Number of protein chains: 2
Amino acid sequence: MQCCDKALNGQAMPTSVASALDDAGGVRGLMRRIPAEAKLKRVAGLHQSLADHTRLKILWALSNMDLCPCVLKVIADVSDSKLSYHLKVLESARLIKSRRTRNWRIYSITNEGEKALAP
Amino acid sequence: MQCCDKALNGQAMPTSVASALDDAGGVRGLMRRIPAEAKLKRVAGLHQSLADHTRLKILWALSNMDLCPCVLKVIADVSDSKLSYHLKVLESARLIKSRRTRNWRIYSITNEGEKALAP
DNA sequence: ACTGCACTTCAAATTTGTTTGAAACCACAA
DNA sequence: TTGTGGTTTCAAACAAATTTGAAGTGCAGT
């Protein structure tokens, strides 16, 4: 079986696939329903930021209360620089944000961050 | 300022953090509200599987219809082996599944996969 | 100015994930 | 049986993310 789609140039394929593809307007029709490359890359990057258990732990902690690195360090059980690295990843992804007080820095979760934890 | 929590062993910290922490039952109380390590690792792994634009494109395509690798290859615009690699990652994560027909393999999205695409 | 503390940055080492092309596999047809 | 098309597997090359420990920054108190 083959599909009439020009982009496939006579490529053989299962009958069921060929007809579903024709119904959808061929490869071009299907591709119109897929988010643009730029958006896919953005979403992929977001998932990348969440693809680490230490970062997820930090995010969960901050979903309960604002915290300074000194406490996050104990909770995540990591070294200072490691913590700092992960905080930076999360902050670049805008999942958390931070502010300064006298002696400390205080991190808090953003709306984006909250959404990322939602089931 | 410091928190009465023993796990912090006299660690200095912002007043606001100390009181929020005490209210939550200290570090132990806070940690009880954070999913277990095993679950965090599982979720992190799921995000890792989604942290690639090619895989997201495949997932979106399959959310529209079942497809064979020969068509996915055109849609994702990648080599055979590259496609196969990404399909394997998605299938191991149970975001997609596959079945055999006569000459072809047909991939389809799972419920998990659908959920992963939902906003 | 000097010190100590909280935290971040840096660059090198390490680990992990991805890409590549060649080879293998598998079902079917000739 | 041999050939062919569709697909997967493999190992090596490559790229990207993470870890490490040392050095650096900036703020307060002395």
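By convention in this document, chain letters (A, B, ...) are assigned in the order of the sequence lines, proteins followed by strands, and residues within each chain are numbered from 1. Source: prediction; values computed, not measured.
- If you check every strand for non-hydrogen atoms under 4.0 Å, A:Asp80 touches a base.
- Atoms NZ (B:Lys73) and C1' (C:dT20) sit 13 Å apart, rounded to a whole Å.
- In this structure, B:Leu67 places its CG atom 15 Å from C1' of D:dT7, rounding to the nearest Å.
- The NE2-C1' distance, from A:His53 to C:dT16, rounds to 13 Å in whole Å.
- Taking the nucleotide of DNA chain D with the nearest heavy atom to each of A:Gln48 and B:Tyr85, the more 5' of the two is matched to B:Tyr85.
- The closest side-chain donor-acceptor pair between B:His47 and A:Gln48, if any, does not fall under 3.5 angstrom.
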(request) Step by step, work out the salt bridge (Lys or Arg N to Asp or Glu O under 4.0 Å) result for B:Glu112 and B:Lys115. (result) CA-CA 5 Å; B:Glu112 277 291 297; B:Lys115 271 191 269 174; 3.2 Å; yes

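- Between B:Lys88 and D:dT8 there is no side-chain N or O to OP1 or OP2 distance below 4.0 Å.
- Listed pair A:Arg105 / C:dT8 meets the phosphate criterion, a side-chain N or O lying under 4.0 Å from OP1 or OP2.
- Using a distance-only test at 3.5 Å, with no hydrogens or angles considered, a donor-acceptor pair links the side chain of A:Thr110 to the main chain of A:Arg94.
- In this structure, B:Lys82 reaches the C:dT20 phosphate: one of its side-chain N or O atoms is under 4.0 Å from OP1 or OP2.
- One interatomic measurement links the two molecules: CE of B:Met13 to P of C:dC5, which rounds to 16 Å at whole-angstrom precision.
- What separates CD1 of B:Ile106 from C1' of D:dT8 is a distance of 17 Å, to the nearest Å.
- Of the listed nucleotides (C:dT18, D:dA17, D:dT7), D:dT7 has the atom at the smallest distance from the side chain of B:Trp104.
- The interatomic distance linking B:Leu90 (CG) with C:dG17 (C1') rounds to 14 Å, in whole Å.
- Side-chain N/O atoms of A:Tyr107 include one lying less than 4.0 angstrom from OP1 or OP2 on C:dT8.
- Heavy atoms of A:Arg100 sit nowhere under 4.0 angstrom from any nucleic acid atom.
- For A:Leu87 and C:dT9, the CG to P distance is 11 Å, given to the nearest whole Å.
- Closest to the side chain of B:His86, from the set C:dT18, C:dC28, D:dA22, is C:dT18.
- Distances shown here put a side-chain N or O of A:Gln11 below 4.0 Å from the OP1 or OP2 atom of D:dG6.
- When the side-chain nitrogen and oxygen atoms of B:Arg102 are compared with OP1 and OP2 of D:dG6, none of them lie within a distance under 4.0 Å.
- Side-chain proximity of B:Asp52 to C:dT8, C:dC28, C:dT18: nearest is C:dT18.
- B:Val17 is not listed as a side-chain neighbour of A:Asp66, based on a closest heavy-atom distance of 4.5 Å or more.
- Shown here are the side chain to side chain contact (heavy atoms under 4.5 Å, CB included) partners of A:Ser81, two or more places apart in sequence or in another chain: A:Ser79.
- Nearest to the side-chain atoms of B:Ser81 among the listed nucleotides C:dT20, D:dT19, C:dT8 stands C:dT20.
- Rounded to whole Å, atom C1' of C:dA6 lies 13 Å from atom CG of A:Leu72.
- For B:Cys70, counting side-chain heavy atoms from C-beta on, the closest listed nucleotide (D:dG6, D:dT7, D:dA28) is D:dT7.
- Applying the side chain to side chain contact (heavy atoms under 4.5 Å, CB included) test between A:His86 and each of A:Leu72, A:Leu59, A:Asp52 identifies A:Asp52 as the sole match.
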